[in-house]
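One structure below.
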Number of protein chains: 2
Amino acid sequence: MVRYHKQTRILVAIDCIIFGFDGNELKLLLVQRGLEYEKGKWSLMGGFIQKNEDFNKGSARILKELTGLEGVYMEQLLAFGNVDRDPIERTVSIAYFALIDINKYEKQLNTDYHAEWFPIHKIPKLIFDHADMVKMAKQKLRYKAAFHPIIFELLPEKFTLPQLQILYESIFDTEFDKRNFSRKLRSTKLLIKQKDKEKESSKKGAYYYKLDKKQYATNFHAILNLIPNPGNIIN
Amino acid sequence: MVRYHKQTRILVAIDCIIFGFDGNELKLLLVQRGLEYEKGKWSLMGGFIQKNEDFNKGSARILKELTGLEGVYMEQLLAFGNVDRDPIERTVSIAYFALIDINKYEKQLNTDYHAEWFPIHKIPKLIFDHADMVKMAKQKLRYKAAFHPIIFELLPEKFTLPQLQILYESIFDTEFDKRNFSRKLRSTKLLIKQKDKEKESSKKGAYYYKLDKKQYATNFHAILNLIPNPGNIIN
DNA sequence: CCAAAAGTGTTCACCTTACACCCATGC
DNA sequence: GCATGGGTGTAAGGTGAACACTTTTGG
């Protein structure tokens, strides 16, 4: 096979920023680094791209290996290429972000893997440039969530409007008027009201909703307007 | 120096999707590939990342080498990593997109380099996955342009409202009402009306405007609303 | 009966759109 | 004087934000 001569070949890694929601708070999934150097420090889920593996395959493999999760929503964030980002050897990293419903995988994670959920405001010190990655991922999540119904990837099958609002508030670090929020959400036609209520967190109980998956699929790229005054909130 | 063992090292390239505007039409800058295999075919500006070069340095160097351009607005688009995207040897490519004012560099380009501008609707067949890159770049340009004043990067120092409108229409493949368009633009406070007129393209002449650079710098991330019914237009 | 959270409607200001005519000039 | 493109205003409907009270029920 012909090859390009005199060119530098570089390690290519994938790092996954995994956001989760447990009904109360936005969280981030981290692992303790297994490789030498900074071993034991907190890190994003990462791994090297293999010989015959493209990015999608690679990111799915890494997620599976480190967390057991499959079929999760993932999207490429950005490639990070600073020369010294990994002090051991130059490594270019393709950052992916993922959104998952924490409860769905809780047990599996806690028992089989050494991954841990951290509240988004209490992230420990991370290795390399992972803090930059997280920062960018938060920004991108905000941006997308302001215009697209991407957030539903974080929700369990059944959820309440107060939970949904808490999620949005936790992403945008601000508070919304619940009357307007509820009206906006209802007007998207993405939600199907259930007959039963969630009664853990209040005496009156809040109606469960389900996502209308058909509507969601067709409206995934639609531009919604769920956030008041987006210009003030998004960078 | 310690290194990671048993991992695949891969060529990392940068490819630049360069959009330009000449006052009439949105265009794309292409070169004829200089390397063997598909030599002579049309291609984006690309090159391999070098040993001690990060992405920003690399993209700037490649742009400079192939076009002579410097100080151009560039932004990372996405990393492309399909295993067979370069049939010679596996190469991961970090795609960047750039926006430039064609007239500013026209002479330089035509004489010194073998780059050529193609109208966005008349792009020739491109090598590798460059057509995918262009498609994604167009999408991203639309998306950003719908909400942010990024488009001004494509404009000469002095420009007219009709030119600006043509640019937007050429990006969004649609037509806008000039009264509303003009009002929206003026309401952004980004424009400074000049005393002189452009008289090439009409008898009456159209007033020149300049960008208020201070406003532009502070409002670069602001969310504007320049496009009517964005939900119908953007994917 | 009281505390705590859920649920719901209205008004007003502003923004967005649709739409048509006059202006300036070169030929 | 006429053809060509530039420039402007208004009215109507729709959207988005602000705002407060009633309901339910567990204790």
Side-chain angles (χ1 to χ4, degrees), chain A residues 23-25 145-147 155 158-170 172 174-189 191-210 222-234, chain B residues 23-25 146-147 155 158-170 172 174-210 222-234:
Chain A
N24 294 303
E25 214 178 353
F147 300 119
L155 290 167
K158 284 162 67 179
F159 52 89
T160 67
L161 287 187
Q163 282 176 336
L164 186 50
Q165 183 166 353
I166 287 171
L167 174 54
Y168 270 92
E169 290 178 341
S170 135
F172 288 99
T174 184
E175 292 185 3
F176 304 133
D177 181 286
K178 67 177 171 176
R179 291 159 291 189
N180 292 335
F181 185 79
S182 148
R183 178 157 14 88
K184 281 184 179 184
L185 257 300
R186 280 183 275 120
S187 81
T188 64
K189 313 268 173 144
L191 303 185
I192 304 171
K193 193 173 189 171
Q194 304 302 114
K195 295 248 160 67
D196 50 337
K197 287 182 162 188
E198 188 276 331
K199 310 212 43 161
E200 298 279 309
S201 47
S202 79
K203 291 162 185 170
K204 183 175 177 182
Y207 281 107
Y208 278 117
Y209 286 79
K210 280 188 182 178
I223 294 190
L224 304 178
N225 183 20
L226 301 170
I227 305 306
N229 308 312
N232 300 337
I233 295 179
I234 309 174
Chain B
N24 294 304
E25 213 176 356
F147 300 119
L155 290 167
K158 285 162 66 177
F159 52 89
T160 67
L161 288 187
Q163 283 176 336
L164 186 51
Q165 183 166 352
I166 287 170
L167 174 54
Y168 271 91
E169 291 179 340
S170 134
F172 289 99
T174 186
E175 292 185 2
F176 303 133
D177 181 286
K178 66 176 171 179
R179 291 159 290 190
N180 294 335
F181 185 79
S182 147
R183 181 157 5 101
K184 280 184 180 185
L185 257 300
R186 281 183 276 118
S187 82
T188 64
K189 313 270 172 142
L190 287 171
L191 303 185
I192 304 171
K193 193 174 190 169
Q194 304 301 114
K195 295 248 160 68
D196 50 337
K197 288 183 162 188
E198 187 276 331
K199 310 211 44 158
E200 298 279 308
S201 47
S202 79
K203 291 160 186 171
K204 183 175 178 182
Y207 282 107
Y208 278 120
Y209 286 80
K210 280 188 180 175
I223 294 189
L224 304 177
N225 183 20
L226 302 169
I227 305 307
N229 307 314
N232 301 336
I233 296 179
I234 310 174

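To find a chain, count down the sequence lines: A is the first, B the second, and so on, and within it residues start at 1.
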Drop me the distance from A/Ile227's CD1 to A/Phe147's CZ, to the nearest 0.5 angstrom.
9.0 Å
Could you give the CD1-to-C1' distance, from B/Ile166 to D/dG5, as a whole number of Å?
11 Å
With sequence neighbours excluded, residues passing ring-ring contact (aromatic ring centres under 6.0 Å, His included) with B/Tyr208
none
Between protein and nucleic acid, restricted to nucleotides 24-27 of chain D and to nitrogen or oxygen atoms under 3.5 Å apart, what atom pairs and distances do you find?
from: D/dG26; atom 1: OP1; to: A/Lys199; atom 2: NZ; distance (Å): 3.4

Mind checking side-chain contact (heavy atoms from CB on, under 4.5 Å) for B/Ile166 and listing every partner two or more places apart, or none if nothing turns up?
B/Phe21
side-chain hydrogen bond (donor to acceptor under 3.5 Å, both in side chains) filter on A/Gln165, not counting sequence neighbours, yields A/Glu169
For A/Lys210, enumerate each residue passing the side-chain contact (heavy atoms from CB on, under 4.5 Å) test, keeping only those at least two apart in sequence or located in another chain.
A/Glu157, A/Lys158, A/Gln194
To the nearest Å, give me how far apart CD (B/Glu198) and C1' (D/dG6) are.
11 Å
Taking CZ from A/Phe181 and P from D/dG16, how many angstroms apart are they, rounded to a whole number?
15 Å
Give the rounded distance in Å between these two atoms: CG of A/Leu185 and P of C/dT8.
13 Å
Non-neighbouring partners of A/Asp177 that pass side-chain contact (heavy atoms from CB on, under 4.5 Å), sequence neighbours left out:
A/Arg179, A/Asn180
Partners passing side-chain contact (heavy atoms from CB on, under 4.5 Å) against A/Lys195 (at least two apart in sequence or in another chain)
none
Whole angstrom value for the distance that separates P of D/dG16 from CG of A/Leu226
10 Å
Base versus backbone protein contacts along nucleotides 13-21 of chain C [heavy-atom cut-off under 4.0 Å; B, S, -]
---SBBBB-
Report the residues that fulfil side-chain hydrogen bond (donor to acceptor under 3.5 Å, both in side chains) with B/Ser202, sequence neighbours left out, ordered by chain and then residue number.
none
Which part of the nucleic acid does B/Ser201 contact within heavy-atom distance under 4.0 Å: base, sugar-phosphate only, or nothing?
sugar-phosphate
To the nearest Å, how far apart are B/Gln165 CD and D/dG5 C1'?
12 Å
